[in-house]
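Notes for the one structure printed next.
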Amino acid sequence: MAEPRKISFTINGMVRDGQAEPRRLLADFIRDDLGLTGTHIGCEHGVCGACTILFNGAAVRSCLMLAVQAEGADLRTVEGLASADGQLDRLQQAFRDHHALQCGFCTPGMLMAAWDLLRVNPTPTEDEIRTGLSAVLCRCTGYQGIVEAVKAVAGQRHAAR
Ligand code: FES
Ligand code: FES
């Protein structure tokens, strides 16, 4: 096994240090070393999207990245969406309101992908939402509730403008 390397990064607004051997996956590091098990691992080869997190603000599949790539990066996982007092982010609340989850396995990845979609395009059409979330697979919901939840948040943003 190769020597572990030190890494320093920010995750969910907190500066953290860690050590990882060069081949260690970022998804495993987040779950096992940092204890942030909200990030799920489904396929472990870039297909299902369950492991999606924000890396320097953009959605990435953490099973396709190495932990050492987090050096100096700003990471956000699903645990970082709610406020410190536990109040849900409005995207989380919209998922709740629109029955956008059943087993919940895809939900962390879906939330992070939706977050990135709304960052890039704050007022997406339904087609744009479906395309934007197409990289995350859900085996339960039929996607309609998820699309409705994202539409609701996009609508709020539209109204706020
Ligand atoms: S676990 Fe990363 S894409 Fe499936
Ligand atoms: S809610 Fe079960 S996989 Fe999406």
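Counting convention: from 1, in listed order, for ligands and their atoms alike. Because only heavy atoms are used, hydrogens play no part in the values below, and waters and symmetry mates are left out as well, while side chains stay in. If you read the sequence from its start, that first residue is 1, and numbering goes on from there.
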Determine the minimum heavy-atom distance between [X] and [Y], stating which atoms define it.
X      : Y      : answer
Ala70  : Leu75  : CB-CD1, 4.1 Å
Phe95  : Leu101 : O-CD2, 4.0 Å
Lys6   : Glu71  : O-OE1, 3.8 Å
Val136 : Gly109 : CG2-O, 3.9 Å

*Those residues that, when tested against Pro22, pass side-chain contact (heavy atoms from CB on, under 4.5 Å) (two or more places apart)*: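 Pro22 satisfies side-chain contact (heavy atoms from CB on, under 4.5 Å) with Ala2, Arg5 only.
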*Is any NZ, NE, NH1 or NH2 atom of the basic residue among Arg130 and Asp127 found under 4.0 Å from an Asp or Glu carboxylate oxygen of the other?*
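Not counted as a salt bridge, because no side-chain N and carboxylate O are separated by less than 4.0 Å.
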*Identify whether the distance between the nearest side-chain nitrogen and carboxylate oxygen of Arg24 and Asp32 falls below 4.0 Å.*
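The answer is yes: the pair qualifies as a salt bridge.
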*Please list, in chain and residue-number order, the protein N/O/S atoms closer than 2.8 Å to atom 4 (Fe) of ligand 2.*
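Cys106 SG, Cys138 SG, with waters left out.
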Quiz: residues 41-60 side-chain donor-acceptor pairs under 3.5 angstrom, not counting sequence neighbours:
unit_1	atom_1	unit_2	atom_2	d
His45	ND1	Cys43	O	2.9
Thr52	OG1	Gly49	O	2.6
Asn56	OD1	Asp74	N	2.8

*Begin with the C-alpha distance, continue with both residues' side-chain angles, and end with the deciding distance and a verdict on side chain to side chain donor-acceptor pair (under 3.5 Å) for Gln93 and Asp89.*
CA-CA 6 Å; Gln93 187 62 50; Asp89 172 76; over 6 Å; no
*Which protein atoms of type N, O or S are found under 2.8 Å from atom 4 (Fe) of ligand 1?*
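For atom 4 (Fe) of ligand 1, the protein N, O and S atoms that sit under 2.8 Å away are Cys43 SG, Cys48 SG.
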